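Take a look at the structure set out below.
Here the structure is a predicted model, which means the values were calculated and not measured.
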Amino acid sequence: MDIIDLIYSMDKVYYLDVSEYNNALDLCKYYNFSVNYGDCTIIQSMEKYNVNNIVSFDNDFDKVKGINRVYL
């Protein structure tokens, strides 16, 4: 199974609550909006579920301590 098959096989969807969306906005402010709000919601989700690795072409994640961006 390659990474694409693995991603497509995942069927769980997780949602943030209002306070977590507010925390994401605080993250944006912390990074002086150099990390966009969408990325900050992802970061907030990663913190919530204790995830440290992300597969992404977006180098904004490199600005965040504790996140390991995986390159394909």
Is there a side-chain contact between Leu25 and Cys40 in this structure, where contact means two heavy atoms from C-beta onward sitting under 4.5 Å apart? no
Could you verify whether a donor N or O on one side chain and an acceptor N or O on the other, from Asp17 and Ser19, lie under 3.5 Å apart? yes
With clusters defined by side-chain heavy atoms of hydrophobic residues (ILVMFWY) lying less than 4.5 Å apart, directly or transitively, does Ile43 cluster with Tyr37? no
So does Val35 get a backbone contact from the side chain of Lys63, meaning a donor-acceptor N/O pair under 3.5 Å? no
Should Leu27 and Tyr49 be regarded as members of a common hydrophobic cluster, given that ILVMFWY residues are connected when their side-chain heavy atoms come within less than 4.5 Å of each other, either directly or indirectly? yes
Donor-acceptor under 3.5 Å (Asn32 side chain, Ser34 main chain): no
Treating Ile, Leu, Val, Met, Phe, Trp and Tyr as nodes and any side-chain heavy-atom pair under 4.5 angstrom as an edge, say whether Val70 and Ile42 lie in one connected cluster. no
Name the residue from Asn36, Asp60, Val64, Asp26 that meets the side-chain contact (heavy atoms from CB on, under 4.5 Å) definition with Tyr31. Val64
Nearest heavy atoms of Met46 and Asn52, plus distance in Å: CE-C, 3.9 Å
Would Tyr30 and Phe61 show up in the same hydrophobic cluster when neighbours are defined by side-chain heavy atoms closer than 4.5 Å? yes
Please round to the nearest 0.5 Å and tell me the distance separating atom CG of Asn68 and atom CD1 of Ile54. 10.5 Å
Taking atom OG1 of Thr41 and atom CD of Glu20, what is their separation to the nearest 0.5 Å? 11.0 Å
Spatial distance of atom CD (Gln44) from atom OH (Tyr21) [nearest 0.5 Å]: 10.0 Å
